[in-house]
Amino acid sequence: MKAPSTDGRASASVSVTQAEPEGVVDARVSPLGSLENLSQREVQQLLSSGQGGVYDLFRRCALAVLSSGLESDDVRAIFDRYKDFEIRLGRQAWGIKLEVKNAPASAFVDGSMIRGIKEHLFAVLRDIVYIHDAILGSQRFDLTDSASITNAVYHILRNARILDYKGRPDLVVCWGGHSISSVEYDYTKRVGYELGLRALSVCTGCGPGAMKGPMKGATIGHSKQRIREGRYIGMTEPGIIAAEPPNPIVNQLVIMPDIEKRLEAFVRCAHAIIVFPGGAGTAEEILYLLGILLDPANADQPVPVIFTGPPSAAEYFGQIDRFIGATLGEAARSRYKIIIGDPPQAAREAYKGIESVREYRRTKSDAYNYNWLLKIPEDFQRPFEPTHEAMARLELRRDLPSHVMAANLRRAFSGIVAGNVKENGIHAIEERGPFELHGDKEVMTLLDELLSAFVRQKRMKLAGEYKPCYRLVA
């Protein structure tokens with residue numbers, strides 16, 4: 001059947017096959033006008049018969065976007081389930097079109113692709129082509145140089161129009177787990193609602209759980225304040241997008257090349273950061289942030305950081321706080337506030353902190369939309385590939401300087417995230433067994449207590465029994 005056009009330009013020819021419980025769909029999809037024209041060379045990169053690095057990366061990210069809403073963070077199960085999925089890029093009179101075969105039917109309503117999913121699909125195309133051609137394929141950026149990495153992050157965000165906003169500082173980055181309880185999820189919505197009432201915008205990792213809740217709450221707060229152009233920014237990267245596909249609230253999506261550039265994008269765009277309960281990924285983000293803020297060059301940087309959750313999360317944040325104090329020291333603990341069970345107060349603290357950020361940026365003549373003055377040490381910018389050898393080489397000792405300890409702990413948690421939800425990490429664990437982490441007894445004891453609590457509280461995986469992908473060796 002021929003699907004009706006919902007916007008005058010985009011259409012889909014759809015056939016539904018009931019081989020899967022929810023069906024699969026073949027469709028032709030045109031962009032909504034948000035995608036710039038691609039050059040002939042860029043089109044050619046993706047017009048191949050389906051083989052090659054760029055196409056394969058695009059196919060996997062596209063399937064992740066189309067799988068949004070599936071209750072699974074098992075990336076291989078998703079890829080196996082839709083192993084016959086194909087996507088092709090073609091030319092048409094006014095630009096380009098995409099042809100998809102065997103796509104998840106949940107991405108369609110009455111034969112038409114859901115508009116938000118369509119926007120996300122073309123955002124993936126835009127960013128993958130741009131990163132491959134203008135960043136990785138260009139001599140403009142030396143990705144071994146710290147300043148050049150920061151410049152590359154800026155250009156990716158600018159190309160995705162994340163930096164178009166020219167108003168007062170208002171962006172609250174919210175971090176937290178994709179696998180959280182319903183009580184914690186409802187709390188993230190209430191905090192988001194309070195942020196929306198204060199005309200603040202929300203940026204998250206774009207997935208489910210604590211990444212979706214604040215956005216959902218903010219939409220109601222914005223609606224009550226008659227704010228029609230609320231920003232719900234999602235930042236992701238190819239390694240995590242399948243386990244945490246973009247939630248439907250995201251109206252600005254950007255794909256960063258790797259986890260380190262994603263983290264840099266978060267902190268350079270943020271005017272305040274709120275951390276909700278989470279697991280290894282949230283711990284990685286916290287350690288990344290604190291490691292940067294511990295650098296003496298950032299001593300005067302006003303970066304409001306609030307840890308918050310419902311009363312049931314008090315134990316969780318108590319564990320995080322004790323772990324930070326024991327490994328990074330009191331200087332790290334002084335850089336955040338913990339607020340339990342009080343969404344309005346969490347939002348007020350963020351709002352008050354943003355005012356200090358605005359004054360600091362104005363005084364220093366720094367941009368409101370991108371924090372150029374924040375120093376990010378190279379240890380936090382260099383991509384970390386969590387192989388068994390790399391994980392075993394990490395030094396986790398109490399006598400290390402706090403910024404080195406933070407960098408190494410961040411890498412350790414990054415490896416655990418890879419072993420939990422990233423395809424390459426899962427495959428490595430199956431082939432060679434758990435990653436081994438080595439350190440002195442005190443640090444290993446602290447790490448074991450924290451990770452065991454994550455497992456006990458079911459923060460490592462959405463569903464099913466969790467089998468640790470790590471082994472701690474003192």
Side-chain angles (χ1 to χ4, degrees), residues 146-147 149-158 162-175 191 194-204 214 218 230-231 233 235 252 254 260-275 285-308 324 328-339 344-381 402-403 406:
S146 179
I149 291 171
T150 295
N151 200 31
V153 170
Y154 174 84
H155 278 79
I156 295 168
L157 293 172
R158 188 177 69 175
I162 302 298
L163 305 179
D164 281 0
Y165 179 76
K166 302 302 181 185
R168 293 167 65 94
D170 75 336
L171 190 61
V172 181
V173 167
C174 296
W175 287 336
V191 172
E194 295 291 340
L195 295 174
L197 287 178
R198 290 161 177 80
L200 299 177
S201 296
V202 175
C203 172
T204 77
R231 294 188 298 154
I233 298 172
M235 296 181 179
Q252 287 185 276
V254 60
E260 286 77 14
K261 293 174 186 62
R262 179 196 189 202
L263 288 167
E264 180 161 352
F266 276 133
V267 298
R268 291 206 185 271
C269 288
H271 301 124
I273 296 176
I274 290 179
V275 182
E285 291 163 339
I286 291 171
L287 290 162
Y288 175 89
L289 176 63
L290 294 178
I292 291 169
L293 295 181
L294 287 172
D295 191 299
N298 297 321
D300 296 330
Q301 274 271 352
V303 181
V305 181
I306 299 119
F307 295 177
T308 189
I324 291 169
L328 303 183
E330 291 303 309
R333 295 183 70 227
S334 71
R335 294 305 303 243
Y336 57 83
K337 293 182 179 180
I338 299 177
I339 298 173
Q345 183 59 24
R348 280 192 290 268
E349 284 290 338
Y351 186 88
K352 183 174 68 175
I354 287 173
E355 287 301 303
S356 65
V357 169
R358 175 177 175 272
E359 182 61 24
Y360 180 84
R361 302 271 185 96
R362 188 189 64 79
T363 302
K364 299 290 186 180
S365 299
D366 194 20
Y368 285 162
N369 60 0
Y370 193 78
N371 188 348
W372 289 100
L373 293 179
L374 187 71
K375 176 177 169 53
I376 300 182
E378 287 187 32
D379 278 354
F380 292 88
Q381 291 181 306
S402 59
H403 66 282

| request: Determine, stepwise, if the pair Val153 / Tyr370 fulfils side-chain contact (heavy atoms from CB on, under 4.5 Å). | output: CA-CA 10 Å; Val153 170; Tyr370 193 78; 3.6 Å; yes
Enter the distance from [X]:[atom1] to [Y]:[atom2] here, rounded to the nearest 0.5 Å.
X: Thr204; Y: Met235; atom1: OG1; atom2: CE; value: 9.5 Å
X: Arg231; Y: Leu200; atom1: CZ; atom2: CG; value: 10.5 Å
X: Gln252; Y: Asp164; atom1: CD; atom2: CG; value: 7.5 Å
X: Asn369; Y: Ile162; atom1: CG; atom2: CD1; value: 11.0 Å

Exercise. Run the salt-bridge test on Glu359 and Arg362 with the 4.0 Å N-O cut-off and return the result as yes or no.
Key: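 Yes, this pair counts.
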Presence of salt bridge, Lys261 and Glu264, under 4.0 angstrom: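 Salt bridge: no.
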* Asked: Under 3.5 Å, side chain of Ser146 to main-chain N/O of Glu378, donor-acceptor pair present?
  ->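 Such a contact is absent between Ser146 side chain and Glu378 backbone.
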Q. Is there a donor-acceptor pair closer than 3.5 Å between any side-chain N or O of Arg361 and the backbone N or O of Tyr368?
A.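 Present.
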Do [X] and [Y] have side chains that get closer than 4.5 Å, going by heavy atoms?
X: Leu163; Y: Cys269; answer: yes
X: Leu289; Y: Trp175; answer: yes
X: Val357; Y: Asn371; answer: no
X: Leu373; Y: Gln301; answer: yes
X: Arg348; Y: Arg198; answer: yes
X: Ile376; Y: Tyr288; answer: yes
X: Ile286; Y: Ile324; answer: yes
X: Arg168; Y: Asp170; answer: no

Could you pull out the closest heavy-atom pair between [X] and [Y], with the gap in Å?
X: Cys203; Y: Leu171; result: CB-CD1, 3.9 Å
X: Arg335; Y: Ala299; result: NH1-O, 3.9 Å
X: Ala346; Y: Ile274; result: O-CD1, 4.4 Å
X: Leu195; Y: Cys174; result: CD1-SG, 4.3 Å
X: Asp366; Y: Trp372; result: OD2-N, 3.3 Å
X: Gly291; Y: Phe380; result: CA-CZ, 3.6 Å

Is there a donor-acceptor contact under 3.5 Å linking the side chains of Gln381 and Thr150?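 A donor-acceptor contact under 3.5 Å links the two side chains.
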**Parallel, tilted or perpendicular: rings of Phe307 and Tyr336 (30°, 60°)** =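 Ring orientation, 0 to 90° scale: parallel.
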So Leu293 and Val305, side-chain contact (heavy atoms from CB on, under 4.5 Å) or not? Walk me through it. CA-CA 11 Å; Leu293 295 181; Val305 181; 4.3 Å; yes
**Request:** Give a yes or no on whether Tyr351 atom OH has more than 12 heavy-atom contacts from other residues, nucleotides or ligands under 6.0 Å away.
**Result:**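 Count not over threshold, so no.
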- Message: List the residues meeting side chain to side chain contact (heavy atoms under 4.5 Å, CB included) with Ala331, not counting sequence neighbours, and say none if there are none.
- Response: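 Checked Ala331 against side chain to side chain contact (heavy atoms under 4.5 Å, CB included); matches are Leu294.
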With Asp295, which residues qualify under side chain to side chain contact (heavy atoms under 4.5 Å, CB included), at least two apart?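 Residues passing side chain to side chain contact (heavy atoms under 4.5 Å, CB included) with Asp295: Ala297, Asn298, Lys375, Pro377.
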- Task: Quick one: do Glu285 and Val275 satisfy side-chain contact (heavy atoms from CB on, under 4.5 Å)? Show the steps, please.
- Result: CA-CA 9 Å; Glu285 291 163 339; Val275 182; over 6 Å; no
Exercise. Using the salt bridge (Lys or Arg N to Asp or Glu O under 4.0 Å) rule, take Glu355 and Lys352 through it: C-alpha gap first, then chi angles, then the decisive distance, then the call.
Key: CA-CA 5 Å; Glu355 287 301 303; Lys352 183 174 68 175; over 6 Å; no
